[in-house]
Protein chains: 2
Amino acid sequence: MLLKPSFEDLKKELKNRNINLSYQRLSVLEYLTQNRCHPTVDQIFTDIHKEIPTLSKTTVYNTLRVLIEAGLVRVITIEDNETRYDIEVKDHGHFKCESCGTIYDFCINMDMLNSGDLNNFKINDKNVYFKGVCPRCLSNKNENK
Amino acid sequence: MLLKPSFEDLKKELKNRNINLSYQRLSVLEYLTQNRCHPTVDQIFTDIHKEIPTLSKTTVYNTLRVLIEAGLVRVITIEDNETRYDIEVKDHGHFKCESCGTIYDFCINMDMLNSGDLNNFKINDKNVYFKGVCPRCLSNKNENK
DNA sequence: ATTATAATTGTAATGATAACAACTTTGTTA
DNA sequence: TAACAAAGTTGTTATCATTACAATTATAAT
Ligand SMILES: [Mn+2]
Ligand SMILES: [Mn+2]
Ligand SMILES: [Zn+2]
Ligand SMILES: [Zn+2]
């Protein structure tokens with residue numbers, strides 16, 4: 001199973017890397033640990049803005065860049081028109097339901113994947129994206145027959 | 001190995017689907033069969049524009065949409081700031097070199113990948129994206145030591 | 001040849017992200 | 001603690017990719 005890093009663990013990680021623990025950064029970081037739905041910048045901004053009305057969207061972008069560079073957040077580009085963010089940086093796949101839009105995590109065996117074509121390549125980043133229809137939407141469709 | 005469909009094969013495919021074979025559409029289609037570097041819209045437009053000065057970028061977008069809907073072209077979203085297009089629709093992975101920008105194809109065993117988490121999901125589309133440094137750039141780096 | 005349908009074109013609108021400079025907060029030093 | 005320097009935040013503006021739209025042109029059907 002995927003390990004879920006706690007907010008406190010992540011705070012320590014940032015401190016270790018000498019990254020300043022500003023109120024806004026901690027707020028974004030905490031949001032990501034509690035909302036593991038792979039949110040967009042707009043979702044993150046809109047939600048935190050309710051708590052911190054002075055928050056700027058630029059800060060959300062800046063913070064995400066810092067967290068990504070620190071290796072604490074990964075980018076999900078399963079769709080060409082929306083960038084999403086994931087606090088879980090361990091290898092795992094993403095499935096997007098084309099009906100309800102939900103993005104599901106799933107386990108993958110990355111070793112099985114590497115066919116040997118990439119023997120002499122230095123691999124830094126791996127992403128697996130599937131699309132289709134989730135079980136919930138499939139059963140809803142059957143009910144409406 | 002991956003099969004490379006010929007321009008003529010693809011023309012027949014379009015005819016079968018009653019998709020109009022306009023000069024511009026055929027031009028884009030032929031470009032994709034001959035430039036398998038996963039080009040962006042801008043690359044496609046700029047190159048074909050040299051031959052067809054009246055070509056509009058809107059037409060390139062429209063044509064790509066038609067070809068994608070027909071299942072003859074697939075979208076590559078390995079980077080969040082550039083959408084790329086691939087005439088090869090068979091399952092295969094993509095590796096982007098972070099140094100030279102080249103996107104390499106590689107073989108994958110998709111069946112090995114599916115861990116069972118997605119047993120009840122209907123899967124329509126699969127993409128595997130890796131990033132890192134390609135052998136050529138790795139050896140260049142060593143030379144400059 | 002005429003007419004209807006579809007495709008193309010150029011421009012304008014949209015929306016996500018980045019650049020920027022002014023302002024504010026934080027950390028450091030005395 | 002006070003003063004200063006560095007870093008972070010904010011709001012605005014700029015940029016760029018993509019889409020919407022209406023006018024024009026090309027294709028298909030009769
Ligand atoms: Mn995830
Ligand atoms: Mn490819
Ligand atoms: Zn669903
Ligand atoms: Zn390279």
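Chain letters run A, B, ... following the sequence lines, proteins first and then strands; every chain starts at 1.
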Summarise protein proximity over nucleotides 15-30 of chain D in one line of letters, 5' to 3': B for base, S for sugar-phosphate only, - for none, counting protein heavy atoms closer than 4.0 Å.
--SBBB------SS--

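B:D80 pairs by the salt bridge (Lys or Arg N to Asp or Glu O under 4.0 Å) definition with nothing, not counting sequence neighbours. When the side chain to side chain contact (heavy atoms under 4.5 Å, CB included) test is applied to A:E69, the partners found at least two apart in sequence or on another chain are A:R65. Every side chain to side chain contact (heavy atoms under 4.5 Å, CB included) that B:D9 has, sequence neighbours left out, goes to B:S6. Among residues two or more places apart in sequence or in another chain, the side chain to side chain contact (heavy atoms under 4.5 Å, CB included) test is passed with A:V73 by A:L32, A:L67, A:I68, A:Y85, A:I87. Contacts of A:Y104 classified as side chain to side chain donor-acceptor pair (under 3.5 Å), with partners at least two apart in sequence or in another chain: none. With sequence neighbours excluded, the residues forming a side chain to side chain contact (heavy atoms under 4.5 Å, CB included) with B:T58 are B:S56, B:N62, listed by chain and number. Contacts of B:K12 classified as salt bridge (Lys or Arg N to Asp or Glu O under 4.0 Å), with partners at least two apart in sequence or in another chain: none.
Ring orientation note: the planes of A:H49 and A:F45 are tilted relative to one another, at an angle of 30° to 60°.
Considering only side-chain N and O atoms, A:T59 lies under 4.0 angstrom from the phosphate OP1 or OP2 of D:dT10.
Between the CD1 atom of B:I52 and the P atom of C:dG10 there is a distance of 12 Å, given to the nearest Å. In this structure, NE2 of B:H49 is placed 15 Å from P of C:dT8, rounded to the nearest angstrom. When rounded to the nearest whole Å, the span between CZ of A:R84 and C1' of C:dA16 equals 14 Å. Separating the CG atom of A:L64 from the P atom of C:dA18 is a distance of 10 Å, rounded to the nearest angstrom. B:L14 has its CG atom 11 Å from the P atom of C:dA7, to the nearest Å. Counting to the nearest Å, the C1' atom of C:dA16 and the CD atom of A:E79 are 15 Å from each other.
Residues of residues 24-32 of chain A that place a heavy atom closer than 4.0 Å to DNA chain D, in numerical order, are A:Q24, A:R25.
No engagement by B:T40 is indicated, since no non-hydrogen atom pair under 4.0 Å with the nucleic acid exists.
Under the 4.0 Å criterion applied to side-chain N and carboxylate O atoms, A:D42 and A:K57 are assigned as salt-bridge partners.
For the helix from C:dA1-D:dT30 to C:dA30-D:dT1, the axis fitted to the five pairs at one end and the axis fitted to the five pairs at the other end meet at an angle of 30° (nearest 10 degrees).
Screening residues 13-29 of chain B for side-chain hydrogen bond (donor to acceptor under 3.5 Å, both in side chains) gives B:E13-B:R17 as the qualifying pairs, with residues at least two apart or on separate chains.
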Would you list the atom pairs, donor with acceptor, under 3.5 Å between side chains in residues 120-133 of chain B and any protein atom, with sequence neighbours excluded?
residue: B:K122; atom: NZ; partner: B:N124; partner atom: OD1; Å: 2.8
residue: B:N124; atom: ND2; partner: A:E98; partner atom: OE1; Å: 2.9
residue: B:D125; atom: OD2; partner: B:N127; partner atom: ND2; Å: 3.2
residue: B:N127; atom: OD1; partner: B:R74; partner atom: NH1; Å: 2.9
residue: B:N127; atom: OD1; partner: B:Y129; partner atom: OH; Å: 3.3
residue: B:Y129; atom: OH; partner: B:T77; partner atom: N; Å: 3.0
residue: B:K131; atom: NZ; partner: B:I78; partner atom: O; Å: 3.4
residue: B:K131; atom: NZ; partner: B:E79; partner atom: OE2; Å: 2.9

